[in-house]
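Numbering starts at 1 and runs along the sequence shown. Quantities reported herein were computed from a predicted structural model and do not represent experimental measurements.
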Amino acid sequence: MQVSSVNNVKIYNLSHGKSLPEWLSDRKKRALQKKDVDVRRRIELIQDFEMPTVCTSIRVSRDGQYILAAGTYKPRVRCYDTHQLSLKFERCLDSDVVAFEILSDDYSKLVFLHIDRYVEFHSQHGFYYKTRIPKFGRDFSYHYPSCDLYFVGASSEIYRLNLEQGRFLNSLQTSAVEVNVCDINPVHHLFAAGTLEGKVECWDPRVRNRVGLLDCALSSVTEGTEVEGLPSISALKFNGSLGMAVGTSTGQGKVFSSIEPQSNINDMCVYPGSGMLFTANEDPKMNTFYVPALGPAPRWCSFLDNLTEELEENPETTVYDDYKFVTRKDLENLGLTHLIGSALLRAYMHGFFMDIRLYHKVKTLANPFAYEEYRKDKIRQKIEESRTQRVQLKTLPKVNKELAIKLMEEGEEENELGNRKKKGKTSTNILHDDRFKVMFENPDYQVDEQSEEYRLLNPIVSKVSQKRRKQLQQLAQQEAELRKEEEDEEPEGRASSEEEEESSDDDDKSWVEEVREQRRLLRVEERERKYKERKQQDPQSQNQPRFYQIKAGEEFRSFKDVARKQKMQKASLEERLKLEEQSGMLNLSDTAVGSKQLTFTLKKSEKQRSQQQAERDHHEERRKIRRAAGHLHSRRGRGRGRGRGRY
């Protein structure tokens, strides 16, 4: 059993835990209960309360004795007896069930709406009759006074099937494109249908006319709500004669509590007169929940009330109190990446759960002085909080002092301009905003002015602030000029828009140049850093002379040849040809094809030369060990012919 609390509402998941197979012996079951906590804490109210693959819908009979569930695969319906707490019978069907209803007090009369538009009737012994509706159905309700079945689905019509006469009656025409759900009030038998457009249409079965229309989609959308799409009606249920609950596809409505099982929910039903509810999920197991706030436990499992009272008297710590959630980055910082895949870490979402005791132990070993630093920070915060009651002076924060000075100056300028415009109107400052208070208190938020990002962004930010100051100055100047005009009634000249645009262009060019200069300085610093690293790795190489190896086939003249080669590589093709022609390295002659001829020789690499030398040595060795075979004469054997062979 698992306990959860949402909106201070206790919810007990009675089907949580592992299920044991029937073929296990009692001895093995007792052994598993001793070893496994989940097996020991589980509560199995109804035996084999599950489906082979998926459960699609679930219902409880009016007398409360039988619980029927439809699922797949293969399509089937199962009936469970609460008096025996076990499976009573199982029937297989031809197709999947969309919805079904219990017409009698027990399981003797059942109606199934299939996915292939068939409506199938079952009696106590089994299958009874099958018919088909014109459109694909989504839901249906049974009107007891007239014995009519109302079917809704992918159509604007509501189909009526009378079970007393055994024929279809005139359908009801709605104003919607499609109808999703429907329900009939058990007191005054008002029929309500929830449409795809988010409206609820109410019909009186006695006169077969619409008596009311409720636009739930329009009323659910307010100013503070965010809706992704049209809130169509997805659930509808009457409560008494005057109460009705409506559920929308976008989730509008007042939430009492919430249940989030491991798999998606297909259907849900509440046991009559109790706080127990059953859910049909995209999972073989059907979940059973008990909410004491909704009502008491059913009579066939009244022991749940005593059990929940004992749990409330002796509250236990939840599972997550003993575990710590860590991400992969946290594991890398703690040096515990080798534990991934072991039993000490349990994968969950984007991280892992680990034992809180192991986490504290590793945290202490990784940073033994962390607690002392935390204690000092807390003491410092308490002292600073006590100082706030004294007379405050205009002091700079301990963190990001340069940024604070800059913000103070900008705030003073803005306040001066605001006072000129309207007295008492000042702009808000980040320094006095509680949302950014940590930025000037926590050293982790210190701005690193030597970082690459800051040096590249600082010219842009500074130019933006300069433009802002200029704009403030221009506004102040314009206000002063307007005042003079009003006093003297003599307009004075102003700077033209062209001059302002030229000044802005000059400012843009200046910050671009500053960014380029910062990039150049960063490249120079990077080269110096790499040079220092090489120097630190091999300090003796700086004091020893450098030796150069002359390749085979080359003649060393002087170090000027190296400089000349480097110069030749940087020169253009035309310059290289002229220099080679002057030095005699380039041969030019007139031919039929053209007047230019280039003679060159390919240089072989050391690997190619060694390979060719090995091949020559191999051929020479084979030539030495080869023996002549001229002294051997061929011998002709005796065949079937008449000739004689000779040696």
Side-chain angles (χ1 to χ4, degrees), residues 54 56-59 70-72 75 77 93-103 109-122 127-144 146-185 189-217 229-238 246-250 266-267 280:
V54 172
T56 56
S57 56
I58 189 168
R59 293 287 184 274
T72 189
V77 59
L93 306 172
D94 295 334
S95 59
D96 292 334
V97 176
V98 177
F100 74 96
E101 193 67 43
I102 305 173
L103 303 184
K109 294 180 181 180
L110 304 175
V111 182
F112 297 93
L113 175 61
H114 291 276
I115 198 172
D116 53 358
R117 295 192 287 134
Y118 275 103
V119 180
E120 190 171 328
F121 297 88
H122 282 228
F127 172 77
Y128 180 75
Y129 184 72
K130 181 190 290 187
T131 186
R132 203 171 190 181
I133 57 177
K135 298 289 184 178
F136 289 98
R138 295 177 182 173
D139 197 8
F140 71 95
S141 296
Y142 181 62
H143 186 243
Y144 286 93
S146 61
C147 298
D148 289 344
L149 282 175
Y150 290 81
F151 296 93
V152 298
S155 175
S156 60
E157 297 180 346
I158 300 174
Y159 303 107
R160 295 191 302 150
L161 176 62
N162 187 271
L163 302 184
E164 184 180 7
Q165 302 177 18
R167 65 186 182 91
F168 281 97
L169 303 178
N170 294 331
S171 60
L172 305 178
Q173 183 66 42
T174 64
S175 61
V177 178
E178 294 179 357
V179 184
N180 293 332
V181 290
C182 64
D183 192 26
I184 294 179
N185 192 290
H189 305 291
L190 182 69
F191 175 77
T195 65
L196 185 66
E197 292 82 4
K199 298 179 181 179
V200 176
E201 297 187 6
C202 297
W203 296 74
D204 189 354
R206 296 172 298 179
V207 295
R208 297 184 296 277
N209 291 327
R210 191 175 70 183
V211 295
L213 179 65
L214 181 63
D215 194 348
C216 298
L230 182 66
S232 60
I233 307 300
S234 59
L236 183 66
K237 194 68 177 177
F238 280 102
V246 178
T248 59
S249 59
T250 55
N266 293 328
D267 194 13

Which atom pairs, one a donor and one an acceptor, fall under 3.5 Å between side chains of residues 176-185 and the rest of the protein, sequence neighbours left out?
residue : atom : partner : partner atom : Å
E178    : OE1  : R138    : NH1          : 3.1
E178    : OE1  : R138    : NH2          : 2.7
N180    : OD1  : R138    : NH1          : 2.7
N180    : ND2  : I233    : O            : 2.9
D183    : OD2  : F238    : N            : 3.0
N185    : OD1  : V187    : N            : 2.8
N185    : OD1  : H188    : N            : 3.4
N185    : ND2  : H188    : NE2          : 3.4
N185    : ND2  : G240    : O            : 2.9

### Message
Please report the interatomic distance CG(D94) to CZ(F112), rounded to the nearest 0.5 Å.
### Response
11.5 Å
### Query
With respect to Y150, which candidate in W203, F191, F140 satisfies the ring-ring contact (aromatic ring centres under 6.0 Å, His included) definition?
F191
### Query
Would you say the side chain of L113 lies within less than 4.5 Å of the side chain of V97, judging by non-hydrogen atoms?
no
### Query
Atom SG in C147, atom CG in L103: separation rounded to 0.5 Å?
9.5 Å
### Task
Rounded to the nearest 0.5 Å, what's the gap from OH on Y118 to CG on L93? Could you check?
14.5 Å
### Task
Could you pull out all residues at least two apart from R117 that satisfy salt bridge (charged side-chain N to carboxylate O under 4.0 Å, His left out)?
none
### Task
Indicate yes or no: at least one non-hydrogen side-chain atom of K135 is less than 4.5 angstrom from one of E157.
no
### Query
Is there side-chain contact between N162 and R160, with heavy atoms separated by less than 4.5 Å?
no
### Task
Classify the side-chain pair Q173/S156 by whether it contains a donor and acceptor separated by less than 3.5 Å.
yes
### Task
Inspect the surroundings of OH in Y128 and state if more than 12 heavy atoms from other residues, nucleotides or ligands are less than 6.0 Å away.
no
### Query
How long is the gap from NZ on K199 to SG on C216, to the nearest 0.5 Å?
11.0 Å
### Summary
Heavy-atom closest pair (A99 atom, D139 atom, distance to 0.1 Å) is CB-OD1, 4.3 Å
### Query
How would you list, by chain and number, every residue that makes a salt bridge (charged side-chain N to carboxylate O under 4.0 Å, His left out) with E197, sequence neighbours excluded?
none
### Query
Within a reach of under 6.0 Å around OH of Y142, are more than 12 heavy atoms found that belong to other residues, nucleotides or ligands?
yes
### Query
Partners of L161 by side-chain contact (heavy atoms from CB on, under 4.5 Å), sequence neighbours excluded?
F121, T131, L149, F151, L163, F168
### Query
So do H122 and V77 actually touch side chain to side chain, heavy atoms under 4.5 Å?
no
### T174: side chain to side chain donor-acceptor pair (under 3.5 Å) partners, not counting sequence neighbours
none
### Summary
For Y159, the ring pair (Phe, Tyr, Trp, His ring centres under 6.0 Å) test, sequence neighbours excluded, returns none
### Query
Do other residues, nucleotides or ligands put more than 12 heavy atoms under 6.0 Å from I115 CD1?
no
### Task
Would you name the heavy atoms of L190 and C202 that are closest together and state the gap between them?
CD2-CB, 4.0 Å
### Query
Going by atom types alone, do S232 and S249 pair a side-chain donor with an acceptor below 3.5 Å?
yes
### Task
Mind running side chain to side chain contact (heavy atoms under 4.5 Å, CB included) on E120 and V111 for me, showing each step along the way?
CA-CA 6 Å; E120 190 171 328; V111 182; over 6 Å; no
### Interatomic spacing from CG in N266 to OG in S57 - rounded to 0.5 Å
8.5 Å
### Query
Using 4.0 Å as the upper bound for N to carboxylate O, is an ion pair formed by D116 and R132?
no
### Message
With side chain to side chain contact (heavy atoms under 4.5 Å, CB included) as the criterion, how do V246 and V200 come out once you've worked through the C-alpha distance, each side chain's angles and the decisive distance to 0.1 Å?
### Response
CA-CA 9 Å; V246 178; V200 176; 4.3 Å; yes
### Query
What's the spacing between H189 NE2 and D148 CG if we round to 0.5 Å?
12.0 Å
### Message
Could you check whether atom NZ of K237 has more than 12 heavy atoms from other residues, nucleotides or ligands sitting under 6.0 Å from it?
### Response
no
#### Entry: Note: R210-D204 ion pair, threshold 4.0 Å (strictly below)
no
### Message
Show the nearest heavy-atom pair for residues D96 and P75, with the distance to one decimal.
### Response
OD1-CG, 3.2 Å
### Query
Are I102 and K109 close enough, and set up right, to give a side chain to side chain contact (heavy atoms under 4.5 Å, CB included), and what steps lead you there?
CA-CA 6 Å; I102 305 173; K109 294 180 181 180; over 6 Å; no
